[in-house]
Every structure is written in C-alpha cells, then in structure tokens.
Chemist: 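Have a look at the structure that comes next, please.
One-based numbering along the sequence shown.
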Amino acid sequence: MAAPADAPPRQPSLPEDTIVEILSRVGDAIAVVRCAATCKAWRRLILEPSFLSHRHAGPSPLLGFFFRDTSQKLPRRRLYLRRPTRFLLLGPSQPQATTALHLSHFFPDVAGLSGFAPLASGTGGLLALRHRPACSLDPEMICVCDPMAGTSTFLPPLAAEGTPFGESVVFLDADGSSFRLLAAMEYSAAPGILLRIFSSRTGHWGAAVRAYLPDNMVVLLSSPAVVHRGAVHWICGTRALPNAVHALAVRPGQAGTSVCRVDLPLRAGIHRLSHAAGAVRLSSSTKGCLSLVLLDEHVISIWNLDDNGAGGKSWMLQKTIYLMSVLPSVIFNDPSAEWGLSITALCDQSGSLFLHAVGEGLFVLNLETEMMSKVGDGHCAKYLCPYVPDLSSCLGAMKKF
C-alpha cells in the first residue's frame, strides 16, 4: 500500500552495530532494562551475549546499594533489633533526591526478612543478609536473596564452636543456577581461622576446615574479603608489628586449605591494623589482577599486583587521586571541623569506591573517571553493600513481546 502524498519521508534505519553502540552508552542498568522494553528489535540486540560483554566497557553497572537505615532514633538496647534494611538507587537515570526503597519492593514475603542486615553481594545478582539474634544462645541466620527475581534461600544455621570474636562471609562463585558461600570464623581459644562452605547444590554446609596462619598473623575479618583466581584474600598483620599490614590468600580445596602471605606496598603500613578496615581495601580488578586501594588522608592511591611470570610479584602504582579536588571544599576549608574520612565499601564490578565523611555524608567515587557524587547522609553508611544486578538473567525473565 502506497504512503499518502503528504506523509513525511521515512527515515533510513540505523545499522545494528550503531544501535548497539548507542545502547551500550546509556546511563545505567535501569536505563538498559527500559530500552529493552521499548521494541522487539532493541530487546533482541540487548539480549545478545556480545552486547552484555560490550557493556562492561561502558557506564557503571552499579544499580545502587543496600544498607541498614540508622536515621530513626531508638533506645540503645534496641538499636540493632529494629533497624530496617533499605535500598538506594543510583545512576544518571535517577533523580538527585531518591527515596530509599524498603525490602518489600523486592520480596513479597518481606516479613520473613525482618531484622536481617546486608552482609555481602556476589556475582549473579545475589545478596546475602544476616540476622543476629537478641539472645546469644540462638543461632545466627543467613539468607541468600536475588532481589531482581524476588527469591530468597534461608541457609541452615552454622554449628559454632562457641562465640567467634571475628567472622566474615563471601561468595566464592555464583551463576544463574547455583552459588557457594564461604564463612570464616576466628576463635580466641583456637589457632587460625575456621572455614565452612555452603553449596546451593547440596543445600548444606560442608565440613569445617581449619586454616593455620603463618608467622603468627592476625586476620582482619572485619574488612571485606575478596575472591581472586579461586583464593580468598583478607587484610592481615601481626600483633608484634601493628603497622605492618599484609594480605592473606586462602585457597580452600577438597584435600585441604593452602595459605600464603602477600606483602603489600610499604605505604599500606601508615595505618595500624586496627584502622586498616577504613583505609585499605583489596579488589579483583577488571584487568584480571589483584588490586589495592589505599586512603592516606586526602589522597587515594590504586596499586596492581604485577606477576612477571617468573615467580616474582610486585605492586605497581596505577593511579593517584587527590580528594581535595573532588570532595566538597567545606570539608577542607574549616580547620576547626572534626571530621574523618574512611572507606565504607568498594564495588569491584563497577570500580565505585564509597567514602564516608563524618558530618558530611556518604560519597561515591568512580575510580576510572574520578567523578565524585554525594549519595546520602551518614545514616546510609552502616552495613553498606553495593549491588550489581545480573542483566542477562534480568532481561531474560522479562515478558516476551
């Protein structure tokens, strides 16, 4: 059928590779999903594996972060019993003042997650939550959730050898069908750290394995662990030399657990081990190497562990970021102000560093572009857990045209 004479001329369609390039440059993960809902052609291009791999070089995949809201004033004895867990959206497609979302926006049976706080996030868009009971005799509960799918899995309680004075939980691996979660615990009466692995395929925790630490070392389990090439890395040190900060690589296996020390740059020793959690962070770089982020007063330095292939490893300084040029000037202009700057979280997949300035709020620094933005007040900084969704499973679950 011929078009009417007065109809505007039909514009030629763009080549598919040009459309893919445009779609890969949209603001954030939410904008990608909105584009996929626009038309069949865009949905088909976005669902291509080549697009999802190409997007890693584009804008940040960080969707937002979960945190425990401490804005409401409560009696001291009830501080950590009623603090709600919320989620704050980030990204260019979101308005500047975004309301924090309750867990009910993600999970239909949110009553079962009352009292749970963010613990760790992993690949595959998974989130681990933990509930600490009011009574020390009751076991802790851990729940692994998929916020995009609205599903949750409650793990069986860990059989503890008493009350640990240090513990850490990290995802070893995760995909759309299964995950493995490692729990590390430290006890004052026993040497080393106790490791147990939960597998979603078996539905239970594996046997406890003890990892003995070399050189009388102390593991900083309060600092988030990083999984790199199958080994779990923690910040550690020694009681004799509190300013000698190192990293510990633990590789759990079927036959046993191997442990080795990784020396950090001498610059990491400017902080005592007790303060290293807020100033020293390890990460698994998108370039395939182990990275280190150091906060030294008003300066951020990023180091990469270079493996020359001959058995030798050395730390190379990759970048230095001067915070005085990206943080609000009010922080530095008032010499009488009592403020402290600390690292709250680091998202490996997006290269986003969360910084908390006492009295000023929570900031996010993009380590690649060096762009800084304020995302909240101080009540957002507790139990902060960055979240990157699994776009492939999220888009695959969308209703077909």
Chemist: Between atom CD1 of I193 and atom CG of L248, what is the distance when rounded to the nearest 0.5 Å?
Modeler: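 Those atoms lie 6.5 Å apart.
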Chemist: What do the steps show when you test T153 against S200 for side-chain contact (heavy atoms from CB on, under 4.5 Å), and what is the final call?
Modeler: CA-CA 9 Å; T153 303; S200 63; over 6 Å; no
Chemist: Do the side chains of L182 and L195 get nearer than 4.5 Å, heavy atoms only?
Modeler: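 They are in contact (side-chain heavy atoms under 4.5 Å apart), so the answer is yes.
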Chemist: Considering non-hydrogen atoms only, spot the tightest contact between L88 and V375 and give its length.
Modeler: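 Heavy atoms only, the tightest pair is CD2-O, 3.1 Å.
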Chemist: Applying ring pair (Phe, Tyr, Trp, His ring centres under 6.0 Å), can you list everything that pairs with F66, at least two apart in sequence or on another chain?
Modeler: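 Testing F66 for ring pair (Phe, Tyr, Trp, His ring centres under 6.0 Å), a comparison that skips the adjacent residues, returns F87, F106, Y387.
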Chemist: Which heavy-atom pair separates M372 from L327 by the least distance, and what is that distance?
Modeler: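 So the two residues come closest at CE-CD2, 3.6 Å.
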Chemist: Would the number of heavy atoms belonging to other residues, nucleotides or ligands and lying under 6.0 Å from CD of E140 be above 12?
Modeler: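 More than 12 heavy atoms, drawn from other residues, nucleotides or ligands, come within 6.0 Å of this atom.
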Chemist: Report the relative orientation of the aromatic rings in F154 and F116; use parallel for angles under 30°, tilted for 30 to 60°, perpendicular for over 60°.
Modeler: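 Ring orientation, 0 to 90° scale: perpendicular.
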Chemist: Any side-chain heavy atom of C143 sitting closer than 4.5 Å to one from L113?
Modeler: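 Of all side-chain heavy-atom pairs linking L113 with C143, at least one is under 4.5 Å.
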Chemist: Answer yes or no: is there a donor N or O on one side and an acceptor on the other, between the side chain of K319 and the main chain of E368, under 3.5 Å?
Modeler: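 Looks like yes, one N/O pair under 3.5 Å.
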Chemist: Which pairs pass ring pair (Phe, Tyr, Trp, His ring centres under 6.0 Å) with one or both residues in residues 196-230, sequence neighbours excluded?
Modeler: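 Listed by first then second residue: F179-F198, F198-W205.
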Chemist: Between A345 and R281, what is the shortest heavy-atom contact and its length?
Modeler: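 Closest pair (atom of A345, atom of R281, distance): CA-NH1, 3.6 Å.
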Chemist: Can you tell me how far apart CG (L103) and OG (S152) are? Round to the nearest 0.5 Å.
Modeler: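 With rounding to 0.5 Å, CG (L103) is 10.5 Å from OG (S152).
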Chemist: Please find the pair of heavy atoms, one from L367 and one from L346, that lie closest to each other, and give the distance.
Modeler: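 Residues L367 and L346, closest heavy atoms: CD1-CD1, 4.0 Å.
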Chemist: Could you walk me through whether W315 and V262 satisfy the side-chain contact (heavy atoms from CB on, under 4.5 Å) test, starting with their C-alpha distance in whole Å, then the side-chain angles of each, then the deciding distance to 0.1 Å, before giving a yes or no?
Modeler: CA-CA 10 Å; W315 290 95; V262 180; 4.2 Å; yes
Chemist: Which atom pair, heavy atoms only, marks the closest approach of R251 to R229?
Modeler: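 Closest pair (atom of R251, atom of R229, distance): NH1-O, 2.7 Å.
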Chemist: Are the side chains of R86 and F67 in contact, using a 4.5 Å heavy-atom criterion?
Modeler: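 The answer is yes; the side chains approach within 4.5 Å.
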Chemist: Working to the nearest 0.5 Å, report the span between CG of D173 and CG of L181.
Modeler: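 Nearest 0.5 Å value for the CG-CG distance: 10.0 Å.
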Chemist: Just to verify, which of S223, S168, S222 counts as forming a side chain to side chain donor-acceptor pair (under 3.5 Å) with W234?
Modeler: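 Of the listed options, the one satisfying the test is S168.
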Chemist: Is there side-chain contact between D296 and S301, with at least one heavy-atom pair below 4.5 Å?
Modeler: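 No, too far: nothing below the 4.5 Å cut-off.
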Chemist: Would you say the side-chain atoms of H233 pair up with the backbone N or O of A231, donor to acceptor, closer than 3.5 Å?
Modeler: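 Yes; judged by distance alone, with no hydrogens or angles, the pair exists.
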Chemist: N304: what forms a side chain to side chain donor-acceptor pair (under 3.5 Å) with it, not counting sequence neighbours?
Modeler: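 Testing N304 for side chain to side chain donor-acceptor pair (under 3.5 Å), a comparison that skips the adjacent residues, returns S291, Q318.
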Chemist: side-chain contact (heavy atoms from CB on, under 4.5 Å) between L323 and L295: does it pass, once the steps are laid out?
Modeler: CA-CA 10 Å; L323 298 178; L295 171 62; 3.8 Å; yes
Chemist: Do L63 and V388 have side chains that approach each other closer than 4.5 Å (heavy atoms only, starting at C-beta)?
Modeler: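 With C-beta onward as the side chain, the pair stays apart.
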Chemist: Roughly how far, to the nearest 0.5 Å, is CD of Q349 from OG1 of T123?
Modeler: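 Rounded to the nearest 0.5 Å, the OG1-CD separation comes out at 6.5 Å.
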Chemist: Sequence neighbours excluded, which residues qualify as side chain to side chain donor-acceptor pair (under 3.5 Å) partners of T320?
Modeler: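 Expected list: none.
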Chemist: Between P84 and R68, is any pair of side-chain heavy atoms under 4.5 Å apart?
Modeler: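 Contact flag for P84/R68 side chains = no.
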Chemist: Working note: L220 + V245, criterion side-chain contact (heavy atoms from CB on, under 4.5 Å); need CA distance, chi angles, decisive distance, verdict.
Modeler: CA-CA 10 Å; L220 194 64; V245 180; over 6 Å; no
Chemist: With sequence neighbours excluded, what pairs up with H379 under the side chain to side chain donor-acceptor pair (under 3.5 Å) test?
Modeler: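 Applying side chain to side chain donor-acceptor pair (under 3.5 Å) to H379 gives none.
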Chemist: First locate atom CG of L62, then atom SG of C347, and finally report the distance between them rounded to the nearest 0.5 Å.
Modeler: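 The CG atom of L62 sits 5.0 Å away from the SG atom of C347.
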Chemist: For residues F171 and S121, determine if any side-chain heavy atom of one lies less than 4.5 Å from a side-chain heavy atom of the other.
Modeler: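 Sidechains of S121 and F171: no contact.
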Chemist: Who passes side chain to side chain donor-acceptor pair (under 3.5 Å) against H102, sequence neighbours left out?
Modeler: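 Checked H102 against side chain to side chain donor-acceptor pair (under 3.5 Å); matches are S104.
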Chemist: How many angstroms lie between OG1 in T151 and CG in L126, if you round to the nearest 0.5 Å?
Modeler: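 Nearest 0.5 Å value for the OG1-CG distance: 8.0 Å.
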Chemist: For residues Y383 and P118, report the shortest heavy-atom separation together with the two atoms involved.
Modeler: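 Of all heavy-atom pairs spanning Y383 and P118, the closest is O-CB, 3.4 Å.
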Chemist: So among S283, P386, S285, which one has a side chain to side chain contact (heavy atoms under 4.5 Å, CB included) with D348?
Modeler: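 Among S283, P386, S285, the one that satisfies the side chain to side chain contact (heavy atoms under 4.5 Å, CB included) with D348 is S283.
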